[in-house]
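First listed ligand is number 1; within each ligand, the first listed atom is number 1.
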Amino acid sequence: MPTETVYGLAADAANADAVARVYAVKGRPRDHPLILHVASSEGLDRYGADVSDSARRLAEVCWPGPLTVLVGRSAAVPDGITGGRSTVAIRVPAHPLATGIIERLGRAVVAPSANRFGRVSPTTPRHVLDELGDALDPSRDLVVDGGATTVGIESTIVDCTTPVPQVLRPGAITAAEIERIVGDVAAASGPARAPGMLARHYSPTAAVEVFEDREAAERRQAQLTADGVAVDVLDVDDPAEYASVLYQRLRAADDAGVAVVLAVLPSPEGIGIAVRDRLHRASAGR
Ligand code: AMP
Ligand code: MG
């Protein structure tokens with residue numbers, strides 16, 4: 001199903017078979033928990049326990065929207081979606097098709113990005129079919145067409161279980177905005193808790209190299225082209241536009257047989273911070 005961030009592989013969170021299939025189709029390790037998508041902030045009280053004031057404030061100001069809060073889990077949270085943790089991640093997506101589906105079902109859905117684990121998230125129905133077509137069963141699976149997603153990168157994840165909320169994964173809603181809303185914010189610490197915290201993630205088949213400025217990328221382009229390597233330069237001026245086309249451009253590079261994507265990083269402000277984060281992870285480990 002479409003959301004404003006990326007397409008999600010949606011399943012009834014209370015249906016253990018459906019949840020198992022989401023993990024299987026994605027090839028996602030079972031200890032990577034899934035985000036509960038709910039239709040309104042009432043979901044915070046239904047599925048959350050010990051909900052902190054910061055979580056409440058963030059829900060009030062940012063939902064529906066691209067922000068996920070991590071809170072204690074209530075007894076209503078199905079086993080098998082939290083990776084055995086005592087916390088749960090919750091968000092209200094800002095997309096009428098997503099909230100419509102959740103409302104009709106009458107309970108939360110899980111909706112991790114509809115791609116194989118570690119790879120580029122889909123932002124169009126075509127991407128979903130390209131990525132998961134083989135695994136889908138036309139007799140029981142549907143791709144809901146909401147056109148291209150608007151934000152283009154995954155939600156900001158904020159851990160609201162610590163005295164000072166921590167940003168586990170940057171997104172369209174920035175740490176600066178979160179600080180304005182709740183008064184204080186910290187960078188993530190401790191062991192990796194989010195896919196956004198794995199060094200290598202969000203990766204296309206092409207190698208990705210990142211550059212602070214266009215000139216450096218062009219020098220590298222000249223060098224690689226002279227060596228006969230197929231390259232693509234990724235450089236988008238407006239950071240929100242960059243986020244919205246990022247994954248589509250990485251997929252297009254793979255489709256065109258490009259070997260190396262040379263990405264010019266946006267400046268580290270606003271959503272540019274999250275775009276830099278995704279590009280660094282897409283380029284890691286090469
Ligand atoms: P996504 O890749 O968009 O499906 O986001 C899922 C990520 O949200 C997980 O890999 C976690 O890092 C974070 N998350 C979800 N649920 C929990 C939880 N119960 N405890 C800690 N982190 C969570
Ligand atoms: Mg994902």
> How long is the gap from CZ on R119 to CG on L250, to the nearest 0.5 Å?
Replying inline: 10.5 Å
>> Distance check, rounded to the nearest 0.5 Å: I90 atom CD1 versus L44 atom CG?
In response: 5.0 Å
So is [X] touching ligand 1 or not, going by heavy atoms under 4.0 Å?
{"X": "V88", "value": "yes"}
{"X": "R85", "value": "yes"}
{"X": "R28", "value": "yes"}

> Taking the six-membered ring of Y202 as reference, does the NZ or CZ atom of R278 fall below 6.0 Å from its centre and within a 45° cone about the axis?
Replying inline: yes
> Between E60 and R56, is there a side-chain N and carboxylate O pair less than 4.0 Å apart?
Replying inline: no
>> Between R73 and D79 (salt bridge meaning N to carboxylate O under 4.0 Å), is one present in this structure?
In response: yes
>> Whether the E154 and Y247 side chains hold a donor-acceptor pair (N or O, under 3.5 Å, no angle test) is what I'd like checked.
In response: yes
>> We want to know whether R251 and Q248 form a side-chain donor-acceptor pair, criterion being a heavy-atom distance below 3.5 angstrom.
In response: no
> Between the Mg ion (ligand 2) and S121, is there an N, O or S atom separated by less than 2.8 Å?
Replying inline: no
Counting from 1, what ligand 1 atoms have a heavy atom of [X] closer than 4.0 Å?
{"X": "I157", "result": "7 (C), 8 (O), 13 (C)"}
{"X": "A89", "result": "14 (N), 15 (C), 16 (N), 17 (C)"}
{"X": "R169", "result": "1 (P), 2 (O), 3 (O), 5 (O)"}
{"X": "P112", "result": "4 (O)"}

>> My understanding is that we take every heavy atom of each candidate and find the minimum distance to atom 18 (C) of ligand 1. Doing that for L70, V71, D159, which one comes out nearest?
In response: L70
>> Side chain or backbone, does T87 bring an N or O within less than 3.5 Å of an N or O on ligand 1?
In response: yes
